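Worksheet: one structure, shown below.
Keep in mind the model is a prediction, meaning the values are calculated, not measured. Positions are given from 1, in the same order as the sequence printed here. Ligands are counted one by one from 1 in listed order, and the atoms in each one are counted from 1 as well.
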Amino acid sequence: MSDTAKVYRSTGIESQVANPPSEPCVMLIFGASGDLTKRLLVPAMYNLACDGLLSENFAVLGTGRSEITDEAFREMMGGEQGLRSFHTRKEFDEEQCEKLIRRFHFMPANQDVDDFRKLRQRVSELDAQFGAKGNVLFYFAMAPKFFGPLCDLLYEAGFQDGPGWKRIIVEKPFGTDLQSALDLNKAILNHWRENQIFRVDHYLGKETVQNLLTFRFSNGMFEPLWNNKHIDNIQFNVCESVDVQGRGGYYDHSGVLRDMIQNHMFQMLAYLCMEAPGSFEADSIRNEKAKLLESVRVYETDEVPKYVVRGQYGPSFERDGRIAKPGYRQEKDVDPASSTETFAAIKLHIDNWRWEGVPIYLRSGKALWKRGTEIVVTFKKAPEAIFRGTPVEHLEPNRLVFHIQPFQGIELLFQAKIPGPAVQLQKVDMTFSYGDAFKASRYTGYEVMLYSCTRGDATLFSRGDLVKAAWEIAQPILDYWAANPAREAFPNYMRNSWGPPAASDLIERDGRQWFEVVTPEVLEQLPLFKGAEQLLLNSVIMALNSTSAEPGETIIRIDEMAKEMFLICRGEVEVIDRAGKVLQTLRDGDFFGEVGLLMCSSRTATIKAKTQCDMFVLTKSDFSRILREYPQFAETLTQLAKERYDVLVSCEELMESAS
Ligand code: BG6
C-alpha cells in the first residue's frame, strides 16, 4: 500500500479495561426448572465464569413446585440437555462447567409463607457457605400473574431484613396492557423500592443494541445530522422466520404488539431517538428514554386503521397445492378462529423539536421470509437538478443501517461515480462488521444483565415509567383490535412471505418503501443468481427495491413503456395476452418484464398477481448498467427470453440496447 493511500482499519483488539467480577450473592430463581434457566441464564453464568466476571462468592438456589434434588437439578442445568447443548462458546470448558454447577442447589416450595421462610433459611445457609455478604438476587422466571404474589411472599417471609442488598429481576411480559402494568407495578412496589426492581428486556442485553447509544454519543459527526432537518424517515424491522414454535398457548393471548413491539422495539426506538443523556448513569439514560417515549404521539382509537396494519400467517403450500406447513390458526394451543396478530406494521410520530415530521415505521412478524433485525435511518435526498443533462435519472438517499442480528454491523449506503467518462452513479456501501473487528465470544445477552444487576447498575433494565409510556402508545391499538377482531380478514399473509401487502401500502402511501435488507445468500436462492459471482450479487443487491402486490393486482399493463423488471421472491403471477388468455404462470424465483427493457419497447403482455406477491424491482438504468458489467448475466437473460416469449435477441443486441 502506498503512503498516500493509507487505510485505517480496526485493529481487532478489544479494549482490555479490567472489569471487576460480579458482586457476591445468592441467586434465588423462581421457576428454575423451566426452559429459560437452562437455555439462557446458565449459559450466561458460564460465559461470565469463563471470562473471569463471575464472583467466586456466588451460589444458585433454584425453586419451584417440582420435587427435584440438588443432584438432579445440577444434571438438568449442566448435563447434555443443559449447558452442554446451550453454551455459546467455541470450546467447552469442562472445568468451568463443573465449578459452576457445583454451586447449584434446588429446594421445592409452594407459594405459601411457611415454604418461603424455609427458602429464606436455605438462602442464609448458602450465604454463609459461599460468603455472599447477605446479597440476594431474586429472579422471577415465571408467568407475570405470579410477580405480585411473589413480592408479597418474599416480604412476609422477611427476605428484606438483614445485611446486604436485595434485588428482584422480573422477566417480561410486564403486564398485558396499560392497566395491568400499572397494577403490577403497584403490587411490586408495595414492599420493594423502584431501585430494587430490574425489569428485563433482553434486547437491551444485545451488544448491537447497546452500541446504538455509544455510536450516537461517541461519534461527533452524526449528532448534527440526527434530526428532522436531515433525516427523512426511520424504519425498524424485526423479521422472524420462525413461527410460534409450540408457544401457541402463550402467544395467542399476546400477539406481536405485546410480544415484540411494546417492549423490544420501543426500547430500540428510545435509544435511537432520545436526546443525549447528561452521563452514562442509569437514571440519566432512562430519563431520556422515558422523555422520548412520552413524546410519541398516542393515537385516538379511531386513528388506528390509518397508521397500523396487522397480519396473521396462513399455511405454506407445496407446488401441487398440498399444505407444507400449517397456518397460525392450525398451530397447537391456538384458537382455530384466532384474531391474534402475528405481524404488525406501525407508523409513529415523535412530537418533539428533533423529530417533528419524521415518520417512524416499525414492522415485526413471525413466519416471514427471513430472519433479520435492522434499523434503517434514511437521510434526505440531495437535490437532483445539478445532474440534469447527465445520464443520472434520480438520486438515492443516503442510508445508515444498523444490523442488529443475525449479521451484526453498521452499513452506510451512498452513491459513487461509476468509473468511465460519463457521470453515472451507483449505490455503494461502507460496512463495519463486529465479527471482523472484535474477537469476543457470542454472548446470550443475559450475561450483562446478571452482571450489571449484581453491581446495582440498572442501565440495561426498564423502569416503571418507561413501561407505562410504552403501554400508553400500544393501548389504543390493542383497544381498536379488541373492538374489531380480524376474524374474516385473517390469515392475510403466507408463511415465508414479506407479511401482508397492506404493510407495503402503509408506507407507499407516503411515497416511501420498506428497505428490505438483502444478503447474497437471499439472492442466491433465486435460480437466476445461483452461483453468481460476488460482485454481480453485490451490484444487484445495491440496485434492488422491494414491492408487493395483492392477489388480482395488475403489475404490468400491455402496451405501456417498459421501465423496470421484476423478480418474484414469493407468490405467483399470470402472464396474460391481449385477448385475456393466460399464457403462463410464474412463481418464486422467476422474473418478468425484462424483455421490454431488453428491446427498449413497450410491454407485450399484461402481468397480474395471482396470489400475494413479494417482489424486487430493478430499474432500467440499473439493469442496463449491470448487463454491461456482467455479460454472462445477459446470456442467461437471452436464453430465458427465447424460452419464455420466443423472442430472439442476441447478447450483442442486448448490450447495445442497454447502452
Ligand atoms: C422474545 C419473544 O421476547 O423475543 C419471542 O417472546 C421472540 O417470541 C424473541 O421470538 C426474539 O428474540 P431474539 O433475541 O431472537 O430476537
Side-chain angles (χ1 to χ4, degrees), residues 31 34-41 43-44 47 86 88 139-144 147 169-177 181 198-212 236-269 271 310-313 328 331-334 338 340-344 362-375 402-409 434 442-450 460-462 466-467 470-471 474 495-496 499 517:
D35 244 25
L36 179 92
T37 314
K38 69 175 181 203
R39 271 179 194 273
L40 294 165
L41 297 183
N47 278 336
F86 298 119
T88 58
Y139 202 110
F140 293 178
M142 295 184 75
F147 297 167
I169 298 192
V170 185
E171 264 295 331
K172 74 160 250 244
F174 200 84
T176 51
D177 59 9
F198 291 71
R199 297 172 190 80
V200 170
D201 185 307
H202 81 277
Y203 263 60
L204 296 179
K206 292 183 192 286
E207 279 295 341
T208 42
V209 173
Q210 291 172 44
N211 191 49
L212 293 173
F236 292 77
N237 284 317
V238 181
C239 295
E240 293 195 277
S241 52
V242 293
D243 54 27
V244 290
Q245 297 180 296
R247 292 160 74 219
Y250 150 76
Y251 200 87
D252 213 29
H253 298 286
S254 168
V256 73
L257 185 61
R258 292 182 172 99
D259 189 51
M260 295 295 293
I261 299 179
Q262 183 273 342
N263 35 58
H264 307 325
M265 293 186 80
F266 285 180
Q267 292 284 353
M268 292 194 287
L269 169 71
Y271 267 2
R310 58 183 155 166
Q312 188 192 74
Y313 64 85
Y328 175 72
E331 300 276 15
K332 189 168 159 278
D333 302 327
V334 168
S338 174
T340 300
E341 83 290 351
T342 59
F343 174 98
L362 297 100
R363 186 172 57 150
S364 180
K366 295 230 180 250
L368 296 176
W369 67 301
K370 62 152 208 185
R371 171 174 181 239
T373 299
E374 301 99 19
I375 304 171
F402 295 91
H403 295 271
I404 305 293
Q405 63 182 29
F407 173 62
Q408 304 190 324
Y434 277 76
R442 281 222 162 193
Y443 269 16
T444 67
Y446 275 76
E447 294 77 3
V448 63
M449 301 267 175
L450 294 179
L460 302 180
F461 296 86
S462 200
L466 272 160
V467 173
W471 277 120
R495 257 182 192 269
N496 308 331
V517 171

Tell me whether the guanidinium CZ or amine NZ of R199 lies under 6.0 angstrom from the six-membered ring centre of F174 and within 45° of its axis.
-> yes
Salt bridge (charged side-chain N to carboxylate O under 4.0 Å, His left out) contacts in which one or both residues fall within residues 238-251, not counting sequence neighbours | E240-K366, D243-R495
Rounded to the nearest 0.5 Å, what's the gap from CG on D333 to NE2 on H253? Could you check?
-> 9.0 Å
P144: what forms a side-chain contact (heavy atoms from CB on, under 4.5 Å) with it, not counting sequence neighbours?
-> F147, P173
For ligand 1, would you mind listing the residues that have at least one heavy atom less than 4.0 Å away, ordered by chain and number?
-> K172, H202, Y203, K206, E240, R247, D259, M260, H264, K366, Q405
Y446: side-chain contact (heavy atoms from CB on, under 4.5 Å) partners, not counting sequence neighbours = L36, L40, L41, A44, Y139, E171, V200, H202, T444
Measure the spacing between CD of E331 and CD of Q245 and express it to the nearest 0.5 Å.
-> 9.5 Å
